[in-house]
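Read through the structure below, which is laid out as C-alpha cells, and then see the notes.
All ligand and atom numbering here is 1-based and tracks the order in the structure.
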Amino acid sequence: MLNGLIHLHSGFRWIVLLLLIAAIVTAFKGWRSKKAYSGSDLKIHKFTFISLHIQLLLGLILYGMNWGKKVNFSAMSDKVTRFYTVEHFSMMLLAIIIASVGYIVSKKKTDDTARYKLVFFSYLVALVLILAAIPWPFGHWLAYGGKMG
Ligand code: HEM
C-alpha cells in the first residue's frame, strides 16, 4: 500500500510538471499577445490547479503514513528525515498555496492580460519551488547531495 502510493506520488510529479509548463507557456503567450482569455487556456490552467491538489493530497497521506519513520520531528539530525519532515513538506505546500491563490484570484480579473500575467507569475514561482523541493534520484541539495532513499 505504502509502496504503491509512493510510486503514484513519484510518477504523478511528471503530470504536475508537464501541466505547469504548459500552463506557464500559454499564460505567457496570452499575456504578451494581449489576446482574450480563451476556454482552452482556462482548461489547462484549471487542470494544473487540480493536479497540484491531487499531489498535495497524496503527499499528505504519505506524510501521515510515514509518521515516526521518514517523517519524524525527533530525528532532525538525519538529513533525509529532516528533508521529508520539514523541507519537502513546507516548500511544496508553499508552492501549491501560491499557485492556488494566483489561479483563484486570476478568475476574478476582468482584464484578460492581467489574468494571464497573474497565472504566469504564480505558476512560475510554484514551478521553481517544486523543482527545488523534488527529491531527484541524483540526490538533493538540501540533503547535501545525499541519496534520497
Ligand atoms: C507538487 C508537489 C509534490 C511533488 C512534485 C512531490 C514529489 C515527490 C517525489 C518525486 C517523491 C519521491 C518518491 C520516491 O521515493 O520515488 C516524494 C516523496 C514524498 N513526498 Fe512529495 N511531492 C509533492 C508534494 C508533497 C507534499 C505537499 C507532501 C506532504 C504533505 C509530500 C510528502 C512526501 C513524502 C512523505 C514523501 C516520502 C515518501 C516515502 O518515500 O515514503 N509531498 N514527493
Side-chain angles (χ1 to χ4, degrees), residues 1-31 37-109 114-149:
M1 168 77 174
L2 180 62
N3 253 338
L5 268 181
I6 293 170
H7 278 113
L8 189 61
H9 185 66
S10 180
F12 201 71
R13 98 183 83 165
W14 301 113
I15 294 176
V16 171
L17 290 176
L18 283 176
L19 280 170
L20 263 176
I21 291 166
I24 289 166
V25 170
T26 54
F28 184 75
K29 280 187 181 160
W31 165 32
Y37 197 89
S38 71
S40 64
D41 286 349
L42 173 62
K43 239 184 225 161
I44 296 175
H45 301 166
K46 186 187 279 177
F47 283 148
T48 308
F49 173 84
I50 293 170
S51 75
L52 284 166
H53 285 253
I54 293 173
Q55 189 70 331
L56 173 64
L57 185 66
L58 292 172
L60 284 171
I61 296 169
L62 278 174
Y63 202 79
M65 289 175 84
N66 269 291
W67 201 260
K69 293 175 256 172
K70 271 184 188 169
V71 173
N72 190 342
F73 284 94
S74 323
M76 289 294 101
S77 53
D78 180 77
K79 301 273 185 301
V80 173
T81 308
R82 198 197 60 206
F83 173 76
Y84 284 113
T85 309
V86 182
E87 289 135 358
H88 183 70
F89 168 71
S90 54
M91 288 174 76
M92 292 306 194
L93 189 64
L94 182 65
I96 296 168
I97 290 173
I98 291 172
S100 303
V101 171
Y103 172 73
I104 291 165
V105 174
S106 81
K107 295 212 300 182
K108 299 190 172 75
K109 295 258 178 219
R115 185 172 182 180
Y116 276 124
K117 197 171 162 184
L118 185 54
V119 172
F120 172 76
F121 280 112
S122 55
Y123 279 15
L124 184 66
V125 172
L127 177 65
V128 171
L129 282 170
I130 289 170
L131 284 175
I134 285 179
W136 297 104
F138 43 82
H140 197 275
W141 58 281
L142 285 169
Y144 304 109
K147 269 245 163 258
M148 308 304 301

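Closest heavy-atom approach to atom 8 (C) of ligand 1 among the candidates Arg13, Gln55, His9: His9.
Looking at Asn66 against ligand 1, only its side chain comes within 4.0 Å, counting heavy atoms. If you look at His88 next to ligand 1, the close heavy atoms, those under 4.0 Å, all belong to the side chain. With a heavy-atom cut-off of 4.0 Å, Lys69 does not touch ligand 1 at all.
Note: an N/O pair closer than 3.5 Å links Lys70 and ligand 1 by distance alone. At least one N or O atom of Ser10, backbone or side chain, sits closer than 3.5 Å to an N or O atom of ligand 1. Considering backbone and side-chain atoms alike, Tyr63 places every N or O at 3.5 Å or more from each N or O of ligand 1.
Remark: ligand 1 atoms within the under-4.0 Å shell around heavy atoms of Ile130 are 1 (C), 5 (C). Under a 4.0 Å criterion applied to the non-hydrogen atoms of Leu60, ligand 1 contributes the atoms 29 (C), 30 (C). Annotation for ligand 1: atoms under 4.0 Å from non-hydrogen atoms of Tyr84 are 18 (C), 19 (C), 34 (C), 36 (C), 37 (C). Applying the 4.0 Å criterion to heavy atoms of Leu56 picks out, from ligand 1, the atoms 27 (C). Residue Phe89 has at least one heavy-atom neighbour below 4.0 Å for each of these atoms of ligand 1: 29 (C), 30 (C).
Under the 4.5 Å side-chain criterion, counting only non-hydrogen atoms from C-beta, Leu131 is in contact with Trp136. When side chains are defined from C-beta on, Asp78 does not count as touching Phe83, because their heavy atoms never get closer than 4.5 Å.
For Ser51 (side chain) and Val16 (main-chain N/O), no donor-acceptor pair under 3.5 Å exists by modelled atom type. In terms of modelled atom types and a separation under 3.5 Å, the side chain of Ser106 and the main chain of Tyr103 share a donor-acceptor contact.
Sequence neighbours left out, the pairs with a member in residues 15-29 that pass side chain to side chain donor-acceptor pair (under 3.5 Å) are Thr26-His45. Every pair passing side chain to side chain donor-acceptor pair (under 3.5 Å) that includes a residue from residues 115-127 is listed here, sequence neighbours excluded: Lys35-Tyr116, Asp41-Tyr116.
Using cut-offs of 30° and 60° for the angle between ring planes, the Tyr84 and His88 rings count as perpendicular.
Around atom NZ of Lys69, more than 12 heavy atoms belonging to other residues, nucleotides or ligands sit under 6.0 Å away.
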